[in-house]
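Below you'll find the structure, written out as structure tokens, and then a few comments.
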Amino acid sequence: MPPADTGASTVVVDASAPSSPVITSRAAAPTSVERLEPGRPGYRKMSFALFAAGVAAFALLYSTQALLPAISTAYGVSAGQASWTVSAATGALALCVLPLSALSERFGRRQMMTASLTVAVVVGMLVPFAPSIGWLIALRAVQGAALAGLPASAMAYLAEEVRPKALIAAIGLFVAGNSIGGMSGRVLTGWVAQLWGWRAALAAVGLLALACAVAFHFLILRARNFTPGSLNPKALAKTVAAHLGNPLLVRLYAIGALFMTVFGAVYTVIGYRLAEEPFGLPQGIIGSIFLIYLVGTVSSAAAGRLVARLGRRGALYLAVSTTAAGLLLSLSESLLAVLAGLVLITAGFFAGHAVASSSVSRTATEGRAQASALYQSAYYLGSSAGGTLGAVAFHTGGWAATVALGLFAVLGVVSITLYGTRVARAERRALVPAAR
């Protein structure tokens with residue numbers, strides 16, 4: 001999914017990218033005269049439809065994250081067990097994003113997005129009534145699997161229906177929906193839970209998603225440039241194997257997963273820490289902490305300028321240093337210092353994620369859709385692992401243990417980036433004699 005992020009991914013779409021290897025044949029697409037752009041009939045409706053879809057998807061995906069302390073108390077479970085209500089959703093999304101993106105090639109982008117939202121919203125209306133932690137985790141896993149059909153289908157829909165010169169703006173609005181959904185869902189649940197309890201908070205998110213899904217249904221335009229193709233699992237497997245055999249792509253996938261491990265651990269556990277002494281914050285205030293996500297919007301947008309000045313690896317070094325500084329600062333017993341630490345962690349994560357995810361599209365010369373889907377899989381697997389391991393670390397050794405886990409992941413990013421720097425230098429040295 002896009003950034004998010006906010007839980008959302010930064011996606012760079014190349015209109016000239018080769019067609020997906022998932023299909024064996026496709027008819028020629030209709031002419032670009034039929035494509036949408038600002039000022040043309042339907043463009044605004046389409047943009048608002050996908051904005052609403054993004055809000056619904058990410059409000060649902062992370063709906064339990066700000067409520068974990070309340071869920072722990074209600075079911076009498078540890079932080080590690082409660083964290084599975086988040087990890088099950090992101091883990092299921094990670095496993096399903098590639099196959100569902102392939103199915104959209106056969107059955108249509110609009111149909112896949114509609115089905116994904118419908119199932120996720122229906123499950124979202126059942127989630128508040130979960131009788132046990134096991135049922136809650138199972139329902140959240142189904143919800144995450146359903147939501148996996150939305151991000152890749154939405155990006156492909158935009159690439160096919162919008163003129164290339166208007167594509168970035170259209171994608172930006174969808175990503176904004178992701179960010180606002182992820183943030184508003186957490187803030188909404190925090191305040192509603194403080195007033196009426198965590199089940200009411202989850203019901204409020206379900207109603208928000210239902211309203212967005214209805215808006216999507218009535219606003220989304222029929223796809224005019226999509227031609228269904230027949231699935232070719234062998235071609236898909238070959239493309240995926242080629243991407244996983246590319247050392248640079250694998251390093252980028254690992255970097256995305258490790259960055260998200262840090263982010264998932266911190267934001268899964270921070271509610272527990274702020275609810276305890278010496279802070280003792282109420283649920284509504286804890287939910288409002290997620291407004292810090294707005295910092296990520298700024299740092300993600302600045303990533304392009306950082307790469308222009310420092311290069312891709314230089315930008316990654318800066319992002320990882322910022323994240324590490326935030327982790328260390330968050331160890332303080334001062335609330336202001338903790339909040340400053342969260343700001344640094346958020347800024348560093350979004351910058352690093354933007355650099356890594358955009359580099360995937362630059363690196364993959366064929367099968368860019370599958371390369372992006374693999375990055376999203378690694379990214380959400382990192383979120384799932386970070387949420388669970390961070391909660392287990394907190395239950396075992398407190399916030400310091402969660403920070404140690406984050407620093408270990410940061411060290412992994414540094415090691416991978418240093419290795420990439422050494423490989424790049426060796427390749428340049430090897431080319432010098434050949435040039436002579």
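Just so it is clear, the structure is predicted and the values come from calculations on it, not from any experiment. As a basis for the values below, the full set of heavy atoms in this structure was taken, side chains included, without hydrogen atoms, waters or symmetry mates.
- A pairwise comparison of heavy atoms in L139 and L126 identifies CD1-O, 4.1 Å as the closest pair.
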Take T421 and Y317 through the test side chain to side chain donor-acceptor pair (under 3.5 Å) and record every step on the way to the result. CA-CA 11 Å; T421 301; Y317 287 132; 3.2 Å; yes
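- The six-membered or imidazole ring of H243 lies away from that of Y375, with a centre-to-centre distance of 6.0 Å or more.
- Paired with F259 under the rule side chain to side chain contact (heavy atoms under 4.5 Å, CB included), one option of V410, V355, V320 passes, and it is V320.
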Could you walk me through whether Y379 and T90 satisfy the side chain to side chain donor-acceptor pair (under 3.5 Å) test, starting with their C-alpha distance in whole Å, then the side-chain angles of each, then the deciding distance to 0.1 Å, before giving a yes or no? CA-CA 9 Å; Y379 175 84; T90 55; over 6 Å; no
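- Contact of the M125 side chain with the L207 side chain is registered, since non-hydrogen atoms from C-beta on lie closer than 4.5 Å.
- Between H217 atom NE2 and T114 atom OG1 the span is 7.5 Å, to the nearest 0.5 Å.
- Across every non-hydrogen atom of L117 and A56, the tightest pair is CD2-CB, 3.9 Å.
- With ring centers used as reference points, Y75 lies 6.0 Å or more from W135.
- When atom types are taken as modelled, the side chain of T189 and the backbone of A66 share no donor-acceptor pair closer than 3.5 angstrom.
- Using a 4.5 Å heavy-atom cutoff, the side chains of W399 and L331 are in contact.
- Side chain of R140 to backbone of L61: a donor-acceptor contact under 3.5 angstrom is found.
- The side chain to side chain contact (heavy atoms under 4.5 Å, CB included) with V262 is formed by just one residue from the set T402, L405, T323; it is T323.
- The NZ atom of K234 sits 13.0 Å away from atom CG of L236, with the distance rounded to the nearest 0.5 Å.
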Full working for side-chain contact (heavy atoms from CB on, under 4.5 Å) between F350 and I345: CA-CA 9 Å; F350 275 104; I345 292 167; over 6 Å; no
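- The salt bridge (Lys or Arg N to Asp or Glu O under 4.0 Å) check on R110 picks up nothing, with sequence neighbours excluded.
- No donor-acceptor pair under 3.5 Å is formed between the side chain of W84 and the backbone N or O of S384.
- When atom types are taken as modelled, the side chain of T85 and the backbone of T64 share no donor-acceptor pair closer than 3.5 angstrom.
- With hydrogens and angles ignored, the 3.5 Å screen pairs a side-chain donor or acceptor of S83 with a backbone N or O of G80.
- For the pair L294/M183, a side-chain contact is recorded, criterion being any heavy-atom separation below 4.5 Å from C-beta on.
- Between F48 and F51, the ring planes lie perpendicular to each other; the angle is over 60°, past the 30° to 60° tilted range.
- Between the side chain of S330 and the main chain of L327, a donor-acceptor pair closer than 3.5 Å is present.
- Geometrically, R251 does not engage Y419 in a cation-pi contact, judged by NZ or CZ lying under 6.0 Å from the ring centre and within 45° of the ring axis.
- Inter-residue side-chain proximity for I270 and V338 is flagged as met; some heavy-atom pair is nearer than 4.5 Å.
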Test log, rule side-chain contact (heavy atoms from CB on, under 4.5 Å), inputs L244 and Y253: CA-CA 9 Å; L244 294 178; Y253 297 154; 4.3 Å; yes
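- How far CG of L150 is from CZ of F216: 7.0 Å, rounded to the nearest 0.5 Å.
- Atom CZ in R313 sits 8.5 Å away from atom OG1 in T417 (nearest 0.5 Å).
- Rounding to the nearest 0.5 Å places CD1 of I286 at 5.5 Å from CG of L274.
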L147 and S116: side-chain contact (heavy atoms from CB on, under 4.5 Å), yes or no, with the steps? CA-CA 5 Å; L147 289 170; S116 292; 5.8 Å; no
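- What you find for V97 and A148 is that their closest heavy atoms are N-CB, 3.6 Å.
- No donor-acceptor pair closer than 3.5 Å links the side chain of R186 to the backbone N or O of F290.
- Between Y293 and F263, the angle of the ring planes lies from 30° to 60°, which puts this pair in the tilted group.
- In this structure, the side chain of Q143 does not engage the main chain of V123 through any donor-acceptor pair within 3.5 Å.
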Between I71 and I133, is the side-chain contact (heavy atoms from CB on, under 4.5 Å) condition met? List the steps. CA-CA 8 Å; I71 290 172; I133 188 67; 4.0 Å; yes
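- When all heavy atoms are compared, the tightest approach of V187 to G287 is CG2-O, 3.5 Å.
- Taking all atoms of both residues into account, the shortest heavy-atom contact from L342 to Y267 is O-OH, 3.9 Å.
- Using a distance-only test at 3.5 Å, with no hydrogens or angles considered, a donor-acceptor pair links the side chain of Q81 to the main chain of S78.
- Taking OG of S383 as the start and CD of Q376 as the end, the distance is 12.5 Å to the nearest 0.5 Å.
- Residues A52 and C212 come closest through the heavy atom pair O-CB, 3.3 Å.
- Formation of a donor-acceptor pair under 3.5 Å by the Y272 side chain with backbone atoms of F394 is not found in this model.
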